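Remember, predicted model here, so these are calculated numbers, not experimental data. Chain A is the first sequence line, chain B the second, and so forth, proteins listed ahead of strands; every chain is numbered from 1.
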Amino acid sequence: MKTKLKQLIINSLNTLVADGVLKSVPENIRLDHAKDDTQGDFATNIAMLLSKQAKCTPQDLAKKIVAKLEITDEIEKIEIAGHGFINFFISQTSSTSIINKILDQGKNYGLLNIGTGQRVLLEFVSANPTGPLHVGHGRGAAYGATLANLLRNAGFTVDCEYYVNDAGRQMDILTTSVYLRYINTDKFPDNGYQGEYITAISKQIKGIKKLNIFTNVSKDAKDGGDKEKHIEDLINNCKTQLGDDYKTIFNLAIKHILADIKQDLSEFGVEYQQWFSEQSLLDSGLSKKIIATLQASGHIYEKQGALWFKTTDFGDDLDRVVVRDNGVHTYFASDIAYHLEKFERGYDKIINIWGADHHGYIARIKACIKALNHNPDKLEILLVQFANLYRSGKKIAMSTRSGSFVTLQQLRTEVGNDAARFFYVLRKVDQHMDFDLDLAKSKTNENPIFYIQYAHARICSVLAKAQDNTQAPDLTLLNNAHEQALIKQLSRYLNIVKNAVLNYEPHILAYYLRDLAKDFHSYYNNCEFLIADKNLQASRLQLITATQQILQNGLTLLGVSAPEKM
RNA sequence: GUCCUUGUGGCUCAGUUGGAUAGAGCAGCCGCCUCCUAAGCGGCAGGUCAGUGGUUCAAAUCCACUCAAGGACGCCA
């Protein structure tokens with residue numbers, strides 16, 4: 001309908017160009033859904049845009065455009081508003097046709113072909129495997145999974161990937177922490193991982209010697225020493241004294257934690273196609289090879305015993321270290337290799353969803369992509385702001401290291417998967433989010449997810465009670481204000497889904513579903529469906545069945561269930 | 001100090017990419033179950049869109065500056 005109208009407008013403009021009124025026709029014509037009934041169904045601002053060119057007032061130009069407009073029977077009337085808007089009123093048979101379209105296509109209604117044939121790599125969460133996921137990760141998980149759904153719905157082939165940081169110092173701290181719990185020392189370091197899950201893992205260790213690894217160790221912070229040095233010494237003792245057993249403990253720890261994370265995400269409806277190990281980049285030598293390549297091409301230089309990437313050549317404000325003077329590769333070195341690897345896998349689009357704290361990394365990652373002769377525009381980095389957690393009106397401080405945090409799993413069991421998925425996605429990602437635990441836990445109607453699901457359940461309930469009706473529906477009977485509002489809302493769905501995916505903004509869909517549910521609840525309270533007039537009943541049931549379908553399709557995209565009963 | 005994000009009723013947030021009288025939910029007040037699920041509906045009240053200037057037919061939206069909040073700026077991961 002919209003494209004048809006656009007074509008009619010373009011035709012009209014073209015004849016005006018031929019008549020010498022206009023010089024040229026713009027490529028893009030705005031045709032929006034009007035927000036008010038008095039403004040018709042669609043509105044265009046074209047007359048205002050071109051009035052200067054036509055050297056007349058917007059109103060006069062609008063009149064000329066309308067005069068040249070071919071009237072089809074789908075258009076009921078056309079009005080020119082005071083400012084120069086041209087408002088189109090669509091005939092009823094044409095507007096109700098959306099109902100049949102939705103019913104015909106069912107689950108497939110809303111599929112788009114924007115991304116047909118394009119492959120997307122979507123990386124998200126990628127939390128360090130040093131402990132369970134907490135509520136901050138939950139936001140990235142919900143957003144990423146929903147974005148994947150939207151992209152697939154738009155025709156893209158999407159691979160979701162989790163980058164596992166299973167290399168580096170944090171892994172040593174993890175391993176040492178587990179061992180310290182195993183030997184059950186009372187001298188646990190400040191800088192170790194103190195969560196209870198560490199103790200749980202340590203109980204799985206069997207047949208490894210309990211040694212005193214506190215010999216020749218510098219003081220911890222609480223004794224006036226340096227906590228970094230303290231744990232460094234412990235790690236070294238652990239490694240040298242345990243030998244091969246160290247690796248055993250390491251493997252045990254990471255296996256457990258990863259299994260936990262996978263299960264957690266899976267229960268949250270978040271599935272990955274790939275889990276990419278950082279260690280594999282070191283093992284395969286790819287990391288080393290790339291550094292050599294970059295060194296050969298002059299992008300990496302040596303200073304004070306360390307290797308530096310000249311990211312300033314590509315817009316970064318400082319050069320960055322890739323290999324420390326002790327020979328250890330930095331996290332950044334792995335990241336370069338990882339991203340190169342991603343590019344070489346041949347995706348059309350690479351999307352990273354990062355926590356807002358990684359903001360400083362964008363410039364340097366894009367820099368090395370340029371240095372490696374790839375197109376940095378292929379990589380899109382989306383930042384998700386932190387979710388602050390509030391309990392009893394107070395912000396909860398969280399730290400993985402100290403073990404004081406609310407896990408994603410705790411949140412899920414407290415508020416339920418549906419509410420959690422929806423709540424997370426209800427905010428724009430670049431918006432700081434206050435997650436009020438008490439509010440989310442209180443199962444009242446303050447949570448909009450119940451409102452939407454309730455609308456769906458109500459429709460199911462009505463349809464279940466409806467007896468078989470052989471009467472054919474006559475959609476022209478759907479002419480009261482509630483019905484027209486609902487029909488209009490349904491006709492917005494395609495556009496909503498399109499906007500949500502193009503902008504990577506699932507919240508657009510979330511808000512739409514709430515609006516749709518509102519129109520339905522209003523209809524429900526004002527009109528009866530199961531009535532004596534079987535003809536009208538059949539028509540109304542068609543309308544709410546279409547509504548049910550859209551609610552279902554939309555909720556599915558958001559990863560939320562559409563219950564038949566509540 | 002440099003960079004990023006944000007600033008919209010008492011609270012939490014939308015605002016279809018520059019459009020028509022700035023919208024929801026919660027909290028407040030007043031109404032609606034003999035009826036398909038009251039987890040619902042209807043109504044009232046509540047705003048100088050942080051501020052100033054600019055761009056144009058039109059600015060919450062774009063530009064500049066100011067103010068305020070949060071974050072990022074390691075040979076950490």
Side-chain angles (χ1 to χ4, degrees), chain A residues 30 32-36 38-39 43-45 47-49 51-52 57-59 81-85 87 128 130 165 167-171 173 228 278 303-308 316-318 320-326 328 330-332 334-335 355-363 383 385-386 388 426-434 436 439 443-455 457-466 492 495-496 498-500 502-503 505 507-508 510-512 514-515 517-518 520-531 537 540 544 565-566:
Chain A
R30 285 288 298 268
D32 298 316
H33 289 267
K35 46 170 141 174
D36 202 303
T38 60
Q39 296 164 9
T44 181
N45 60 353
M48 282 123 95
L49 290 177
S51 64
K52 203 172 236 180
T57 65
Q59 287 88 338
H83 301 263
F85 285 102
N87 294 333
N128 290 341
T130 53
N165 292 116
R169 199 172 109 96
Q170 56 184 340
M171 287 296 107
I173 297 176
E228 301 289 343
E278 178 186 2
K303 192 176 95 184
Q304 294 165 351
L307 292 181
W308 298 68
D316 201 359
D317 47 0
L318 282 173
R320 309 290 171 178
V321 170
V322 284
V323 182
R324 285 156 63 186
D325 56 4
N326 61 8
V328 174
T330 62
Y331 185 84
F332 180 43
S334 303
D335 251 6
D357 55 333
H358 282 67
H359 153 252
Y361 279 79
I362 298 176
L383 293 183
Q385 292 291 334
F386 287 123
N388 289 319
L426 196 57
R427 298 273 170 274
K428 269 192 299 195
V429 278
D430 52 10
Q431 190 78 253
H432 301 265
M433 177 175 148
D434 292 338
D436 188 330
L439 188 74
K443 295 210 167 182
T444 66
N445 52 356
E446 286 175 45
N447 197 334
I449 185 58
F450 293 116
Y451 186 78
I452 298 169
Q453 289 181 322
Y454 186 43
R458 267 185 156 174
I459 296 173
C460 292
S461 168
V462 171
L463 293 177
K465 285 204 172 120
R492 289 180 60 213
N495 228 359
I496 291 290
K498 191 172 151 194
N499 277 330
L502 287 180
N503 297 304
E505 287 182 343
H507 77 276
I508 293 176
Y511 276 93
Y512 167 78
R514 216 194 47 188
D515 289 344
K518 187 182 175 63
F520 168 74
H521 284 308
S522 182
Y523 184 31
Y524 181 95
N525 272 269
N526 284 282
C527 301
E528 269 188 271
F529 306 123
L530 305 176
I531 46 177
Q537 169 175 322
R540 288 185 169 170
I544 64 169
K565 274 187 188 167
M566 286 176 76

What's [X] touching, base or sugar-phosphate or nothing? Going by heavy atoms closer than 4.0 Å.
{"X": "A:Ile508", "result": "nothing"}
{"X": "A:Tyr512", "result": "nothing"}
{"X": "A:His359", "result": "base"}
{"X": "A:Ala457", "result": "base"}
{"X": "A:Ala464", "result": "nothing"}
{"X": "A:Ala43", "result": "base"}
{"X": "A:Asn87", "result": "base"}
{"X": "A:Asp32", "result": "sugar-phosphate"}
{"X": "A:Gln453", "result": "nothing"}
{"X": "A:His33", "result": "nothing"}
{"X": "A:Lys518", "result": "sugar-phosphate"}

Could you please name the partner base of [N], counting Watson-Crick and G-U wobble pairs only when both distances are under 3.5 Å?
{"N": "B:C62", "result": "B:G54"}
{"N": "B:C76", "result": "none"}
{"N": "B:C3", "result": "B:G71"}
{"N": "B:A38", "result": "none"}
{"N": "B:C49", "result": "none"}
{"N": "B:C13", "result": "B:G23"}

Using the [atom1] atom in both, what is the distance from [N] to [M], to the nearest Å?
{"N": "B:A60", "M": "B:C49", "atom1": "C1'", "value": "5 Å"}
{"N": "B:U16", "M": "B:C30", "atom1": "P", "value": "36 Å"}
{"N": "B:C29", "M": "B:A64", "atom1": "C1'", "value": "45 Å"}
{"N": "B:A58", "M": "B:U21", "atom1": "P", "value": "14 Å"}
{"N": "B:G28", "M": "B:U2", "atom1": "P", "value": "46 Å"}
{"N": "B:A39", "M": "B:A27", "atom1": "P", "value": "14 Å"}
{"N": "B:U52", "M": "B:G43", "atom1": "P", "value": "35 Å"}
{"N": "B:C26", "M": "B:U66", "atom1": "P", "value": "41 Å"}

I'd like to check [X] versus [Y] (side-chain heavy atoms, cut-off strictly below 4.5 Å). Are they in contact?
{"X": "A:Phe85", "Y": "A:Thr44", "result": "no"}
{"X": "A:Ile544", "Y": "A:Arg540", "result": "no"}
{"X": "A:His521", "Y": "A:Tyr454", "result": "yes"}
{"X": "A:Thr330", "Y": "A:Arg324", "result": "yes"}
{"X": "A:Arg30", "Y": "A:Met48", "result": "no"}

Between [N] ([atom2]) and [X] ([atom1]): distance, integer Å:
{"X": "A:Leu426", "N": "B:G25", "atom1": "CG", "atom2": "P", "value": "13 Å"}
{"X": "A:Tyr523", "N": "B:C41", "atom1": "OH", "atom2": "C1'", "value": "15 Å"}
{"X": "A:Leu318", "N": "B:G74", "atom1": "CG", "atom2": "C1'", "value": "10 Å"}
{"X": "A:Gln59", "N": "B:A20", "atom1": "CD", "atom2": "C1'", "value": "12 Å"}
{"X": "A:Phe520", "N": "B:C41", "atom1": "CZ", "atom2": "P", "value": "11 Å"}
{"X": "A:Asn525", "N": "B:U37", "atom1": "CG", "atom2": "P", "value": "12 Å"}
{"X": "A:Asp335", "N": "B:G74", "atom1": "CG", "atom2": "P", "value": "16 Å"}
{"X": "A:Ile452", "N": "B:A24", "atom1": "CD1", "atom2": "P", "value": "16 Å"}

Among the nucleotides [options], which one has an atom lying closest to any side-chain atom of [X]?
{"X": "A:Asp357", "options": "B:A24, B:A72, B:C36", "answer": "B:A72"}
{"X": "A:Lys52", "options": "B:C57, B:G25, B:C41", "answer": "B:C57"}
{"X": "A:Glu528", "options": "B:G40, B:C35, B:A24", "answer": "B:C35"}
{"X": "A:Tyr451", "options": "B:G40, B:A72, B:C36", "answer": "B:G40"}
{"X": "A:Asp325", "options": "B:A14, B:G19, B:C75", "answer": "B:C75"}
{"X": "A:Arg492", "options": "B:G42, B:U16, B:A39", "answer": "B:U16"}
{"X": "A:His521", "options": "B:C73, B:C41, B:G25", "answer": "B:C41"}
{"X": "A:Tyr524", "options": "B:A20, B:A38, B:G71", "answer": "B:A38"}

Short side-chain N/O contact to [N] OP1/OP2 from [X], under 4.0 Å:
{"X": "A:His358", "N": "B:G71", "value": "no"}
{"X": "A:Lys498", "N": "B:U16", "value": "no"}
{"X": "A:Arg324", "N": "B:C76", "value": "yes"}
{"X": "A:Arg458", "N": "B:A38", "value": "yes"}
{"X": "A:Ser522", "N": "B:G42", "value": "yes"}

Could you tell me which non-hydrogen atom of [X] sits nearest to which non-hydrogen atom of [Y], and how far apart they are?
{"X": "A:Ala81", "Y": "A:Asn87", "answer": "CB-ND2, 4.0 Å"}
{"X": "A:Tyr451", "Y": "A:Arg514", "answer": "CE2-O, 3.8 Å"}
{"X": "A:Ala455", "Y": "A:Ala517", "answer": "CB-CB, 3.9 Å"}
{"X": "A:Phe332", "Y": "A:Val321", "answer": "CD2-O, 3.8 Å"}
{"X": "A:His33", "Y": "A:Arg492", "answer": "ND1-CG, 4.1 Å"}

Toward the 5' end of RNA chain B, by each residue's nearest nucleotide, A:Cys527 or A:Phe85: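 The answer here is A:Phe85.
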5' priority, RNA chain B, between A:Val321 and A:Ala81 [closest heavy atom]: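 Upstream on the strand: A:Ala81.
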Side chain A:Gln385, main chain A:Ala356, donor-acceptor under 3.5 Å: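 No, the answer is negative, given that no donor and acceptor are paired below the 3.5 Å cut-off.
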Check: A:Glu278/A:Asn165 side-chain N/O donor and acceptor closer than 3.5 Å: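 There is such a pair between these side chains.
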B:C75 base / A:Gln304 side chain donor-acceptor hit below 3.5 Å: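 Per atom types, the contact qualifies.
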Between the protein and nucleotides 5-8 of chain B, which nitrogen or oxygen pairs come in under 3.5 angstrom?
residue, atom, partner, partner atom, Å
B:U5, O2', A:Asp430, O, 2.9

Base orientation of B:C33, syn vs anti, 90° cut from 0: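 Syn conformation for B:C33.
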